[in-house]
Protein chains: 2
Amino acid sequence: MGRQPSGNGARRGRRPATSRAELERVAFDLFSTRGFDATTIDDIAAAANIGRRTFFRYFDSKNDVVWGNFTEQLESMRSRFAECPPEQPLMEAIRDVVVDFNRFDPAVVPWHRRRMELILRVPALQAHSTLRYADWRTVVAEFVARRLGVDSDALEPRAISHATLGVCIAAYEHWLIHPEAELGDVLHRMLTELASGFGARV
Amino acid sequence: MGRQPSGNGARRGRRPATSRAELERVAFDLFSTRGFDATTIDDIAAAANIGRRTFFRYFDSKNDVVWGNFTEQLESMRSRFAECPPEQPLMEAIRDVVVDFNRFDPAVVPWHRRRMELILRVPALQAHSTLRYADWRTVVAEFVARRLGVDSDALEPRAISHATLGVCIAAYEHWLIHPEAELGDVLHRMLTELASGFGARV
DNA sequence: ATGATCGTGACACCGAATGCCACGGGAAAG
DNA sequence: CTTTCCCGTGGCATTCGGTGTCACGATCAT
């Protein structure tokens, strides 16, 4: 909205009318009141004072709105993996990075909860999220592959990344149902169980 | 097509113009030649000599075509779980049932491969399949819950079912890339690794 | 024949998504 | 200041998936 100092200059044409973050806020408001499915893109565009066509220049689809800047965050997870000491056991390293990756400033936790409620409870988003999860798994698989000295699309790295993701989703679902639970604790617990093959169980 | 003996009678109105299985065959043919995305429902309906509206009386969506009669198959997996001897370790029981569930008559294996290629490689189907996977996981989670004496939507059953599914998908992806591999073997191997927490790895 | 039953398919409609293109705001070059 | 170029905007048309409505037609029971 307010004209930025444009970083170090070199801005040429017309200024963007809004931003991804702004659109996200507007859209989330509508999702909260009407629900995701009942909110049309026309609604979002109207509420943000942009044309419907312009919406699709900020997000590829309505589904993508709820994922914010996930791609950039993944990059930070990737570098976080790179910092893992080589002597740390594999599943332990994964556990620590994942728990770390899901640590949030308390101020944004309510927002994150709303985001995850949408992703994990709205069928259309449950479905679409699979495509985003793939990127997440790739980051994990790359790390595992490096550790095992195999290709990142080999069987083991893929299996481990799939299993890790599954456990994380279960932890998130639990966290949504039990707001009093600490997300990091739940993740830590279940990832530890995964590393033991759920061995404490019969 | 040929009029059936209608079981034991008591058929009333007009006879169905086709069947789910027939539509599946017609659709798969088109998917093979044009690809999934480039095949419209009008194409399928025209090829099957039915109206577009009628298509939606056989399948809820275009995506659902590739899943055939999955729901009924799930029922058989559920009863297969019920037959597990109580003394068998949990993860071992899951492994055996899942491997068993994915055993197919050699004659239908090529068909099954085409089906899974679609499900695991076409983005639209990757996304949609998440919703079907949920039913699959429920069956596993119910079994785990019974064994652990907890509710079937508790954390552990959900985590284990999620992790199991993940490993199975990885195994399937591997099987698609390596046609010479035996699906049952790959599944067995990875589910065993899961049960050990991928422990043989560093 | 008559009536109840049930699948069919035409029609209209909605919403997501995409291609096309003219418009307009804004910076740099003259 | 004017021209030039850049680039985001947004209107329009189109395609396609999916849904509600309703008249029609085929079939069986009486």
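This one's a predicted model, so the numbers in the text were calculated from it and none came from an experiment. Naming: A, B, ... by sequence-line order, numbering from 1 per chain.
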Run the salt-bridge test on [X] and [Y] with the 4.0 Å N-O cut-off and return the result as yes or no.
| X | Y | answer |
| --- | --- | --- |
| B:Arg34 | B:Asp43 | yes |
| A:Arg78 | A:Glu75 | yes |
| A:Arg137 | A:Glu142 | no |
| B:Asp135 | B:Arg132 | no |

Upstream residue (5' side of DNA chain D) when A:Pro16 and B:Lys62 are each assigned their closest nucleotide: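 Nearest-nucleotide comparison on DNA chain D picks A:Pro16.
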Toward the 5' end of DNA chain D, by each residue's nearest nucleotide, B:Arg14 or B:Ser61: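 In this pair, the answer is B:Ser61.
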Sugar-phosphate, base or nothing in reach of A:Gly51, heavy atoms under 4.0 Å: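 Sugar-phosphate contact only - A:Gly51 comes under 4.0 Å of backbone atoms but never of a base.
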Sugar-phosphate only, base, or nothing, as touched by B:Asp42 at under 4.0 Å among non-hydrogen atoms: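 Touches nothing.
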Rounding to an integer number of Å, can you tell me how far [X] [atom1] sits from [N] [atom2]?
| X | N | atom1 | atom2 | result |
| --- | --- | --- | --- | --- |
| A:Phe56 | C:dC20 | CZ | C1' | 16 Å |
| A:Asp60 | C:dA17 | CG | C1' | 10 Å |
| A:Arg52 | C:dC20 | CZ | P | 17 Å |
| B:Arg20 | C:dG7 | CZ | C1' | 16 Å |
| A:Phe55 | D:dG8 | CZ | P | 17 Å |
| A:Arg53 | D:dA13 | CZ | P | 15 Å |
| B:Ile44 | D:dG18 | CD1 | P | 10 Å |
| A:Asp37 | C:dG15 | CG | P | 12 Å |

Nearest to the side chain of [X] - [options]?
| X | options | value |
| --- | --- | --- |
| A:Arg12 | C:dA17, C:dA27, D:dG25 | C:dA27 |
| A:Ile41 | D:dG18, D:dC7, C:dA17 | C:dA17 |
| A:Ile50 | C:dA17, D:dG10, D:dG8 | D:dG10 |

Side-chain N or O of [X] closer than 4.0 Å to phosphate OP1/OP2 of [N]:
| X | N | answer |
| --- | --- | --- |
| A:Tyr58 | D:dT9 | yes |
| B:Arg15 | C:dG7 | no |
| A:Thr54 | D:dG10 | yes |

Which residue lies more 5' along DNA chain C, comparing A:Arg57 with A:Thr40 via nearest heavy atoms: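 Final value for this comparison: A:Thr40.
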A:Phe104 and A:Trp111, any side-chain heavy atoms less than 4.5 Å apart: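 A side-chain contact is absent here, since even the closest heavy-atom pair is not under 4.5 Å.
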